Amino acid sequence: DILYMTVMYYYKTFPYIVVDGINILVFLLTVLIMFKGLHKPEIFASLPEKESAKYTGSNLKESDRMMIKNKLDYLLSTEKIYRKPTISIKDLADATGALPKHVSQVINEDYKQNFFDLINSLRIEEAKTLLVTFSSEKKNVLDILYETGFNSKTSFNMAFKKYTGHTPTSYRRLFSKTGGIDQ
């Protein structure tokens with residue numbers, strides 16, 4: 001009687017045990033893949049980029065793309081338009097005379113960054129130069145963050161750490177001790 005009840009219990013619950021086991025296995029494999037991807041992103045380097053597919057329907061001509069790129073190069077390197085704290089993709093579009101979607105496409109394809117990463121990387125590069133060029137008595141970190149276009153110390157510190165691995169203060173201190181940092 002007990003043997004019959006045990007067999008019937010397992011007979012009725014077996015499909016649920018199998019499904020639960022499969023779900024646990026799929027979950028563990030997903031976690032393993034995510035863990036490997038976070039620690040070794042090169043694993044996914046051979047995956048096709050969706051960026052090229054993103055602009056397959058674009059009506060941006062090559063000549064217009066080059067014109068936008070040249071104007072962006074000028075605005076970013078000479079005019080240093082990235083210093084404007086409230087800069088937007090629309091501001092860049094207005095300055096280049098192009099549509100915002102075309103400016104975004106050029107930034108993505110030619111600079112290999114999105115708008116915010118491009119602006120922040122330029123700001124951080126200038127901040128790195130200013131931090132090591134001027135002593136803390138001449139320009140403190142607040143002066144530099146506002147000069148390069150950041151609105152707050154928190155966003156500046158987060159971006160600086162993301163791009164350099166250091167806080168602005170530790171970067172300045174390290175540079176003065178070593179005589180230079182190649183980053």
Side-chain angles (χ1 to χ4, degrees), residues 28 30-52 54-55 68-96 98 100-183:
L28 290 175
T30 303
V31 169
L32 178 68
I33 290 169
M34 288 173 47
F35 181 76
K36 289 284 189 186
L38 288 172
H39 286 53
K40 293 188 178 187
E42 63 273 8
I43 291 172
F44 300 107
S46 64
L47 294 178
E49 291 283 329
K50 291 194 176 202
E51 202 61 58
S52 58
K54 182 178 179 179
Y55 297 111
I68 294 168
K69 169 84 166 74
N70 290 337
K71 286 184 179 179
L72 282 174
D73 286 344
Y74 175 77
L75 289 167
L76 296 170
S77 64
T78 305
E79 295 289 321
K80 298 185 187 278
I81 196 170
Y82 58 84
R83 288 179 174 173
K84 180 181 175 189
T86 59
I87 186 115
S88 67
I89 194 80
K90 185 179 178 330
D91 294 329
L92 288 180
D94 291 345
T96 59
K101 67 180 186 175
H102 289 160
V103 172
S104 179
Q105 179 178 344
V106 170
I107 290 171
N108 284 272
E109 290 181 338
D110 290 11
Y111 293 94
K112 307 289 187 230
Q113 294 179 308
N114 66 41
F115 168 75
F116 293 107
D117 284 339
L118 174 65
I119 296 301
N120 280 340
S121 67
L122 292 168
R123 288 174 173 173
I124 295 304
E125 284 305 311
E126 184 173 353
K128 285 168 50 178
T129 301
L130 293 173
L131 282 166
V132 298
T133 303
F134 297 101
S135 67
S136 58
E137 294 83 36
K138 290 185 181 180
K139 284 193 181 191
N140 64 34
V141 173
L142 281 175
D143 295 333
I144 292 170
L145 78 91
Y146 290 124
E147 186 175 333
T148 57
F150 284 95
N151 286 326
S152 75
K153 191 171 183 178
T154 303
S155 62
F156 176 65
N157 284 338
M158 286 175 50
F160 200 92
K161 183 110 176 162
K162 175 183 174 183
Y163 288 97
T164 67
H166 301 282
T167 65
T169 305
S170 70
Y171 184 88
R172 176 180 263 169
R173 196 175 311 125
L174 183 61
F175 184 84
S176 66
K177 285 182 182 175
T178 63
I181 293 181
D182 295 328
Q183 285 192 8

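Nothing here was measured: the structure is a model prediction, and the numbers come from that model. We use all heavy atoms of the structure for the numbers below, so side chains are in, but hydrogens, waters and symmetry mates are not.
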For Ala127 and Phe156 the tightest heavy-atom approach is CB-CE1, 3.7 Å

Rounding to 0.5 Å, atoms CG (Leu145) and CD (Glu147) come to a distance of 10.0 Å

Review point. Looking only at atom types and distance, does a side-chain atom of Lys139 sit under 3.5 Å from a main-chain N or O of Ile144, one as donor and one as acceptor?
Key: no

query: Does NZ or CZ of Lys128 lie under 6.0 Å from the centre of the six-membered ring of Phe160, at an angle within 45° of the ring axis?
result: no

Quick check on Lys80: does its NZ atom have over 12 non-hydrogen neighbours (other residues, nucleotides or ligands) under 6.0 Å away? yes

Looking only at heavy atoms, the pair that brings Tyr82 and Glu126 closest together is OH-OE1, 2.6 Å

Here the pair of heavy atoms bringing Ser88 nearest to Phe115 is C-CZ, 3.4 Å

d(Asp91 CG, Thr96 OG1) to nearest 0.5 Å is 10.5 Å

Scanning both residues in full, the closest heavy-atom pair of Ile68 with Ala98 reads CD1-CB, 3.5 Å

Between the CD atom in Glu109 and the NZ atom in Lys69, the distance rounded to the nearest 0.5 Å is 12.0 Å

- Query: Mind checking whether Asp117 and Lys162 have side chains closer than 4.5 Å, heavy atoms only?
  - Reply: yes

Open item on the list: Counting C-beta onward and ignoring hydrogens, is there a side-chain heavy-atom pair between Val141 and Leu131 closer than 4.5 Å?
Closed with: yes

Rounded to the nearest 0.5 angstrom, the CG-NZ distance for Asn108 and Lys101 is 14.0 Å

Residues Arg123 and Ile87: closest non-hydrogen pair is NH2-CG2, 3.6 Å

Fill in: Whether Arg172 side chain and Asn140 backbone form a donor-acceptor pair below 3.5 Å
no

Under a 4.5 Å cut-off applied to non-hydrogen side-chain atoms, are Ile81 and Tyr74 in contact?
-> no

When every non-hydrogen atom of Leu72 is compared with those of Val106, the smallest separation belongs to CD1-CG1, 4.0 Å

d(Asn114 CG, Ile119 CD1) to nearest 0.5 Å is 10.0 Å

- Item | Side-chain donor/acceptor of Thr78 to backbone N/O of Leu75, under 3.5 Å | no

* Lys90, NZ: over 12 other non-hydrogen atoms inside 6.0 angstrom -> no

Output for pair (Tyr111 OH, Asp73 CG), nearest 0.5 Å, gives 3.5 Å

